[in-house]
Amino acid sequence: MMNSREIIAKRVAKFFKAGDLVNLGIGMPTIVANYLPAEAKVMLHSENGFIGLGPTPAEGEEEKDVVNAGAAPVTIVPGGACFDSAMSFALIRGGHLAATVLGALEVDEKGNLANWMVPGKMVPGMGGAMDLVAGARKVIIAMEHTTKEGNPKILKSCSLPLTAANEVDYIVTELGVMEITPEGIALRELASGVTLEEIQAKTEANLIIPDKIDIME
Amino acid sequence: MMNSREIIAKRVAKFFKAGDLVNLGIGMPTIVANYLPAEAKVMLHSENGFIGLGPTPAEGEEEKDVVNAGAAPVTIVPGGACFDSAMSFALIRGGHLAATVLGALEVDEKGNLANWMVPGKMVPGMGGAMDLVAGARKVIIAMEHTTKEGNPKILKSCSLPLTAANEVDYIVTELGVMEITPEGIALRELASGVTLEEIQAKTEANLIIPDKIDIME
Amino acid sequence: MSKVAELEEALARIADNQTIMIGGFLGTGTPEGLIDGLLEKGVKNLTLIANDTSFVDKGVGRLVVSRQLKRVMVSHIGTNKETGRQMNAEELEVELVPQGTLAERIRCGGAGLGGVLTPTGVGTIVEVGKEKITKEGKTYLLELPLKADIALIKAWKADTYGNLVYRRSARNFNPLMAMAAAFVIVEAEEIVAAGALDPDEIMTPGAVVDMIIKG
Amino acid sequence: MSKVAELEEALARIADNQTIMIGGFLGTGTPEGLIDGLLEKGVKNLTLIANDTSFVDKGVGRLVVSRQLKRVMVSHIGTNKETGRQMNAEELEVELVPQGTLAERIRCGGAGLGGVLTPTGVGTIVEVGKEKITKEGKTYLLELPLKADIALIKAWKADTYGNLVYRRSARNFNPLMAMAAAFVIVEAEEIVAAGALDPDEIMTPGAVVDMIIKG
């Protein structure tokens with residue numbers, strides 16, 4: 001049986017179509033790559049300077065200059081291209097990315113996202129996240145539905161410093177798929193065995209429940 | 001005996017030292033290249049996208065993609081590099097050019113330059129001239145001292161639409177070398193056989209005559 | 001997922017009244033095959049964004065002569081007498097833009113930037129109607145982004161995914177325009193398999209290219 | 001006119017209190033030999049502009065540990081615990097800049113631009129103290145240029161004139177910083193004769209490079 005992270009990654013992968021250029025954030029979003037079928041022909045953008053992010057190389061075949069944005073050895077697939085940081089972010093900001101997939105500390109019903117700092121505790125810096133969220137055509141949040149302590153992360157209003165305002169389009173958790181609409185957060189898909197009551201209980205924002213809700217797969 | 005254009009070009013060439021990156025405008029400034037000694041190691045910038053502008057190729061050895069900003073076949077010297085138009089003008093605007101050499105319709109004592117249009121008559125467009133004059137560390141005007149009709153081109157105040165305001169540093173004509181200073185136009189060198197009276201008579205702006213004036217060579 | 005197509009498929013994307021960016025500098029680095037196609041198709045009232053209007057018989061200059069343009073935004077028209085004639089006769093709108101400013105405005109369009117501050121044009125007629133901003137004692141013009149419906153790009157080599165390599169001074173505005181249009185059509189002298197180009201020699205990533213024709 | 005020099009000559013250009021840009025992304029594409037030199041020379045109170053503060057034992061991260069920095073402008077410090085510790089202890093000033101904004105600000109510095117409008121950071125604490133400009137209904141922050149006294153650049157290949165080629169993801173901020181500093185020092189893995197590189201493979205033109213050391 002798949003764990004939560006795998007369930008989320010598998011579902012996120014279905015957002016993409018052939019030819020899409022996608023950036024996967026560090027951490028859970030990275031796992032999405034494992035669920036992209038080869039025939040999907042999705043190209044992955046690595047913000048440190050290339051398109052065509054490929055799998056981890058075999059041991060002993062690492063190249064010091066071929067690493068991902070987390071400094072881990074990777075490969076570049078055929079058709080990949082390298083560039084400098086200005087070009088990397090021109091692609092991001094200029095709307096050339098079909099989507100970015102990022103984790104979150106908090107998301108709210110206005111599409112606000114907080115994922116880069118907890119004042120007084122964790123201040124790693126925003127890295128490329130603010131540009132990714134402001135620039136990608138679709139912003140998909142991939143995260144576990146609640147904190148480790150079971151507290152909601154999908155809120156009426158974010159309390160942490162924002163990464164970007166009004167930019168999130170979708171939230172995918174192990175419980176379901178939600179879309180941010182002008183009216184609020186609409187539930188689009190529910191994971192098998194999860195009830196409407198359960199997902200709402202674990203969500204601070206009021207979920208809009210349309211007539212038709214698909215099963216998340 | 002050298003003609004006016006050759007006298008001017010030869011003198012302008014002496015402004016440069018080894019390692020300087022220089023842009024020579026279309027027309028008379030182009031002739032300056034003929035007077036740059038090889039040991040000077042001056043590199044020429046071609047605004048259409050490369051550094052290392054070299055001489056005209058031998059007949060039959062032209063390459064369709066190696067042309068200057070006037071679309072004439074040229075060569076690229078060893079050590080030359082190609083780039084796009086944004087980079088070409090980043091080099092220009094960013095102060096990476098030691099100097100630009102341009103012709104002029106009018107220059108005035110405030111360092112204003114007019115060389116890109118005559119309303120109702122000649123409107124070719126500014127091309128790269130406005131960026132060159134705004135961006136190069138030194139702006140050198142290379143031109144015949146008067147119009148074909150004998151009218152002054154070095155004025156108290158330009159009457160034609162400006163290419164840039166307060167940017168000209170030096171003017172080199174067949175009669176002498178002048179520097180634009182905060183006080184006005186100072187005569188630095190006088191061509192052999194030319195009198196102070198003659199050069200002033202052909203100049204509308206009042207020339208500042210310092211104690212020491214060199215002979216222009 | 002090859003993006004290689006026939007000229008007819010490319011021309012099907014181009015319609016009257018579009019804004020079109022076309023690469024090239026006095027014709028060098030201009031996709032002449034696509035210009036041939038535009039002439040044959042006869043699309044009208046185009047707004048052209050290009051470095052210049054080239055010569056009457058070369059590159060985008062031919063579209064001036066064929067009267068398919070309503071408006072041009074260029075840095076230079078002096079090499080094409082017909083552009084000046086149509087401008088003076090008020091048959092063609094001409095907006096002259098300093099070359100470096102034109103490059104930056106197109107770059108802004110492709111890079112999601114809302115504008116850029118440049119010293120170029122301050123104190124000249126170029127500043128008319130523009131916002132002036134002074135920072136640390138120096139005055140700049142706020143220049144705004146340019147985008148297009150279509151970009152027509154000339155490459156030396158393309159792979160089937162659309163990764164591009166340009167040659168020498170034929171690069172010029174091509175990489176900038178390839179970023180700034182809703183639909184990007186490339187005419188390549190040579191088309192190779194995806195993976196045949198070294199990732200470091202690629203000047204425009206294929207992700208921004210929509211269609212490739214052999215030129 | 002070769003620009004090739006010894007490490008000592010390069011270090012002689014670097015002094016206390018300078019602003020230094022150093023290429024690299026979590027250490028990849030950072031000139032480690034020049035960092036070794038800075039550690040040995042012990043210059044102090046530097047302002048560092050870089051993508052990140054790398055790791056405690058790699059790249060610019062080592063300069064954090066050695067306490068040679070007064071201030072850093074970076075997009076990320078999460079991989080170097082010592083940066084966070086010094087920041088919280090108020091021993092080091094840290095200005096966090098979104099990565100794309102950092103790239104554009106450095107590019108502005110090198111390109112003679114007075115600033116750039118970016119949507120990144122609008123509605124976040126990044127906008128505090130910055131001018132906001134709205135164009136066509138979209139709000140942007142006006143971000144200002146960054147320049148440095150010195151840039152330390154890592155290249156894969158350099159020719160003796162200073163033309164540079166970078167490799168894969170080691171390119172990152174290097175070409176931008178090479179344009180934005182008063183004095184540019186390159187550490188190259190391989191140094192070749194001027195003319196040995198193809199003009200089209202060069203990523204930074206030698207005209208902006210002042211000194212090259214073998215790394």
Side-chain angles (χ1 to χ4, degrees), chain B residues 26 46-50 53 63-76 80-95 110-114 116-117 119-135 158 160-167, chain C residues 23-29 51-55 58-59 74-80 83-84 87-88 94-104 106-107 110-111 118-127 139 154 156 166-179 189 203-204:
Chain B
I26 301 291
S46 192
E47 72 219 48
N48 55 326
F50 59 99
L53 181 64
E63 288 188 71
K64 74 173 170 44
D65 292 336
V66 185
V67 296
N68 66 15
V74 292
T75 50
I76 299 177
C82 300
F83 33 75
D84 68 26
S85 297
M87 179 64 167
S88 185
F89 283 84
L91 288 163
I92 290 171
R93 231 190 288 96
K110 286 172 206 73
N112 294 325
L113 168 66
W116 76 282
M117 73 174 285
K121 273 176 80 174
M122 180 204 76
V123 190
M126 67 293 281
M130 285 192 180
D131 297 280
L132 281 162
V133 180
C158 290
L160 293 172
L162 297 187
T163 307
N166 313 118
E167 294 284 2
Chain C
F25 192 115
L26 293 178
T28 298
N51 178 60
D52 52 68
T53 55
S54 192
F55 304 94
K58 193 176 180 191
V74 294
S75 74
H76 200 266
I77 60 170
T79 53
N80 188 329
T83 311
M87 177 178 71
N88 291 332
V94 175
E95 180 177 343
L96 292 167
V97 184
Q99 199 169 123
T101 300
L102 186 63
E104 285 300 317
I106 296 167
R107 183 179 181 275
T118 179
T120 303
V122 171
T124 77
I125 60 173
V126 166
E127 74 175 36
T139 301
K154 174 69 188 298
W156 180 41
Y166 310 97
R167 188 166 157 76
R168 305 295 192 249
S169 62
R171 192 178 330 181
N172 55 68
F173 281 79
N174 281 299
L176 307 172
M177 291 174 170
M179 297 283 289
E189 291 180 42
M203 298 168 186
T204 291

Check: So which part of B:Leu132 gets closer than 4.5 Å to some heavy atom of chain C, the side chain, the backbone, both or neither?
Finding: neither
Notebook entry, point to check: side-chain contact (heavy atoms from CB on, under 4.5 Å) between C:His76 and B:Trp116: does it pass, once the steps are laid out?
Noted result: CA-CA 10 Å; C:His76 200 266; B:Trp116 76 282; over 6 Å; no
Notebook entry, point to check: Tell me, do C:Leu26 and C:Thr79 make a side-chain contact under 4.5 Å, heavy atoms counted?
Noted result: yes
Notebook entry, point to check: Checking heavy atoms, do the side chain of C:Val94, its backbone, both or neither come under 4.5 Å from chain B?
Noted result: neither
Check: Looking at B:Gly135, B:Pro161, B:Gly120, B:Ala69, which has the largest count of heavy-atom pairs under 4.5 Å with chain C?
Finding: B:Ala69
Note to self: What part of C:Thr101 gets within 4.5 angstrom of chain B, counting heavy atoms only: side chain, backbone, both, or neither?
What the structure shows: both
Next item on the list: Check each atom of B:Ala114 against the heavy atoms of chain C and say whether the ones under 4.5 Å are side chain, backbone, both or neither.
Entry: neither
Next item on the list: Select one option (side chain, backbone, both, neither) describing which atoms of B:Glu63 are under 4.5 Å from chain C's heavy atoms.
Entry: side chain
Next item on the list: Heavy-atom distances under 4.5 Å only: say whether C:Phe25 touches chain B with side chain, backbone, both or neither.
Entry: side chain
Check: What part of B:Thr163 gets closer than 4.5 Å to chain C, counting heavy atoms only: side chain, backbone, both or neither?
Finding: backbone
Checklist line | Min side-chain heavy-atom separation B:Cys82-B:Ile76 under 4.5 Å | finding: yes
Check: Quick one: of B:Met87, B:Met126, B:Glu167, B:Lys64, who has the most non-hydrogen atom pairs under 4.5 Å with chain C?
Finding: B:Met126
Item checked: Top contributor to chain B interface from C:Val74, C:Asn88, C:Val97 [non-hydrogen pairs under 4.5 Å] -> C:Val97
Note to self: Heavy-atom pairs under 4.5 Å with chain B - which of C:Lys58, C:Glu104, C:Met87 has more of them than the others?
What the structure shows: C:Glu104
Note to self: Counting only non-hydrogen atoms closer than 4.5 Å, does C:Ile77 touch chain B with its backbone (N, CA, C, O), its side chain (CB onward), both, or neither?
What the structure shows: both
Notebook entry, point to check: Which heavy-atom pair separates B:Leu162 from B:Met130 by the least distance, and what is that distance?
Noted result: O-CE, 3.8 Å
Check: In terms of heavy-atom pairs under 4.5 Å with chain B, which of C:Gly100, C:Pro175, C:Gly29, C:Pro119 leads?
Finding: C:Gly100
Checklist line | C:Tyr166, part contacting chain B, at a heavy-atom distance under 4.5 Å | finding: neither
Item checked: Test log, rule salt bridge (Lys or Arg N to Asp or Glu O under 4.0 Å), inputs C:Glu189 and C:Arg167 -> CA-CA 10 Å; C:Glu189 291 180 42; C:Arg167 188 166 157 76; over 6 Å; no
Check: Which of the residues B:Gly127, B:Ala134, B:Ala165, B:Gly125 is involved in the greatest number of heavy-atom pairs with chain C at under 4.5 angstrom?
Finding: B:Gly127
Check: Could you walk me through whether C:Leu176 and B:Ser85 pass the side-chain contact (heavy atoms from CB on, under 4.5 Å) check?
Finding: CA-CA 8 Å; C:Leu176 307 172; B:Ser85 297; 4.2 Å; yes
Notebook entry, point to check: Any side-chain heavy atom of C:Arg168 sitting closer than 4.5 Å to one from C:Trp156?
Noted result: no
Next item on the list: Report yes if some heavy atom in the side chain of B:Asp84 is under 4.5 Å from a heavy atom in the side chain of C:Asn174; otherwise report no.
Entry: no
Check: C:Ser54, C:Ala103, C:Ser169: which one forms the most heavy-atom pairs within less than 4.5 Å of chain B?
Finding: C:Ser169
Item checked: Structural part of B:Met117 lying under 4.5 Å from a heavy atom of chain C -> side chain
Note to self: Please rank B:Ala86, B:Gly49, B:Ala90, B:Ala129 by heavy-atom pairs under 4.5 Å with chain C and give me the top one.
What the structure shows: B:Ala86
Next item on the list: Determine whether C:Phe173 and C:Leu102 make a side-chain contact, defined as any pair of heavy atoms from C-beta on separated by less than 4.5 Å.
Entry: yes
Notebook entry, point to check: Looking at side-chain heavy atoms only, is the closest gap between C:Leu96 and B:Val123 below 4.5 Å?
Noted result: yes
Next item on the list: Measure the spacing between CD1 of C:Ile106 and CE of C:Met179 and express it to the nearest 0.5 Å.
Entry: 12.5 Å
